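Worksheet: one structure, shown below.
These numbers were taken from a predicted model, which means no experiment stands behind them.
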Amino acid sequence: MTATDAVVHAKRQLRDEAKKRRAELSLADRTAAAASLAAQGLGFLPPDTPAKVVSAFLAIGEEINPVPLMSRLHREGATLGLPVMVGKGLPLAFRAWSPGAPLRTVVWGIREPEETAPLVEPDVLLMPLLAFDRSGMRLGYGGGFYDRTLCDLRARRSVLAIGLAFASQEVDEVPHLDYDERLDWVLTPEGPIRCKD
């Protein structure tokens, strides 16, 4: 087994463990967590951080629900975007969305804005995850969409990547490869975590 194979295997194992741990949270805990994220907002970011366009996601399954936070950001004047899959192996695009706007369901039950919604480019990306560590490594679902997207955006401009997570999703170390992109922050119901190399 090569070093890369070992990391891929470790990621697969951690994904299974993280999904089980996340599934154990009660509905009351999930609802309280979403409300806590909304109460915090993005006030923890430095005042000069551009956050005019914020991309987020719509939760699938047991993911933490970002909609209350998105609603707050929308009320505060941010332009919201949701990710749109362009194709396998390609970075995500983002289309403008506001609470209540129509959506279409695509592969894996993911909901996206309609194709007529304008494209936007985020200053801040709020991202789903299965596990994270304090260095900013994030374990996703294995498609690499967010890693490719962050790499592409960071090559062109300054963007902030913020993982949204339950505190129980933190692990000591997320196995990673060279192409895995780091988060700048993780926002949990207990508060924001500044990621450090």
Task: Gap separating the CE atom of Met70 from the CG atom of Asn65, nearest 0.5 angstrom - done: 9.0 Å
Open item on the list: If we check side chain to side chain contact (heavy atoms under 4.5 Å, CB included) with Phe94, which of these qualifies: Leu125, Val84, Leu80, Leu82?
Closed with: Leu125
- [ ] Quick one: pull up CG in Leu187 and CD1 in Ile193 and give me the separation to the nearest 0.5 Å.
- [x] 9.0 Å
TODO: Over all heavy atoms of both residues, which pair between Phe145 and Leu90 is shortest? Give the atoms and the distance, please.
DONE: CD2-O, 3.7 Å
Open item on the list: Looking at every heavy atom in both Pro113 and Arg95, which two are closest together, and how far apart are they?
Closed with: CG-O, 3.7 Å
Open item on the list: For a quick test of reading the model, state the closest non-hydrogen atom pair linking Arg72 to Gln40 and the distance between them.
Closed with: NH1-C, 3.5 Å
- [ ] Indicate yes or no for a side-chain donor-acceptor contact from Arg182 to the backbone of Ser135 under 3.5 Å, with no hydrogens or angles considered.
- [x] yes
- [ ] Can you see which heavy atom on Ala96 is nearest to which on Ala117, and at what distance?
- [x] O-CB, 3.4 Å
Open item on the list: Taking Leu27's backbone N and O only, do any of them form a donor-acceptor pair with Thr31's side chain (distance below 3.5 Å, no angle check)?
Closed with: yes
Open item on the list: Just verifying a value: how many Å separate Ile64 CD1 and Leu37 CG, rounded to the nearest 0.5 Å?
Closed with: 4.0 Å
Open item on the list: Through direct or indirect side-chain contacts below 4.5 angstrom among Ile, Leu, Val, Met, Phe, Trp and Tyr, which residues connect to Val174?
Closed with: Leu14, Leu130, Met137, Leu139, Tyr141, Val171
TODO: Report the distance from atom CD of Glu17 to atom CZ of Arg21, rounding to the nearest 0.5 Å.
DONE: 6.5 Å
Open item on the list: If we ignore hydrogens and angles and just use 3.5 Å, is the side chain of Asp133 paired with the main-chain N or O of Gly136 as donor and acceptor?
Closed with: yes
Task: Pairs flagged by ring-ring contact (aromatic ring centres under 6.0 Å, His included) wherever residues 41-86 is involved - sequence neighbours left out - done: Phe44-Trp185
- [ ] Return yes if some donor-acceptor pair links the side-chain N/O of Glu114 with the main-chain N/O of Pro102 below 3.5 Å, else return no.
- [x] no
Open item on the list: Rounded to the nearest 0.5 Å, what separates atom CG in Leu129 from atom CG in Leu164?
Closed with: 7.5 Å
TODO: Calculate, to the nearest 0.5 Å, the distance between atoms CG and CD1 belonging to Leu103 and Ile110 respectively.
DONE: 12.5 Å
Task: Closest non-hydrogen atom pair between Arg194 and Asp184, with its separation - done: NH1-O, 2.8 Å
Open item on the list: Strictly distance-based, threshold 3.5 Å: is any side-chain N or O of Asp152 a donor or acceptor partner for the main-chain N or O of Thr149?
Closed with: no
TODO: Flag this pair as yes if the NZ/CZ of Arg148 is under 6.0 angstrom from the six-membered ring centre of Tyr146 and inside a 45 degree cone about the axis; otherwise no.
DONE: no
Open item on the list: I'd like to check Glu62 versus Arg30 (side-chain heavy atoms, cut-off strictly below 4.5 Å). Are they in contact?
Closed with: yes
TODO: Pick out which of Val54, Leu183, Leu45 makes a side chain to side chain contact (heavy atoms under 4.5 Å, CB included) with Ile162.
DONE: Leu45
TODO: Inspect the contact between Lys20 and Asp16 and indicate whether a charged nitrogen and a carboxylate oxygen are less than 4.0 angstrom apart.
DONE: no
Task: Considering all heavy atoms, the nearest Ala165-Pro189 contact - done: O-CD, 3.2 Å
TODO: Would you sort out whether Arg134 and Glu170 count as a salt bridge (charged side-chain N to carboxylate O under 4.0 Å, His left out), showing the intermediate values?
DONE: CA-CA 8 Å; Arg134 296 266 169 157; Glu170 182 176 356; 2.7 Å; yes
Task: Under 3.5 Å: donor-acceptor pair, side chain of Thr2, backbone of Asp5 - done: yes
- [ ] Using modelled atom types only, decide if a donor and an acceptor are shared between the side chain of Arg138 and the backbone of Glu181 within a distance under 3.5 Å.
- [x] no
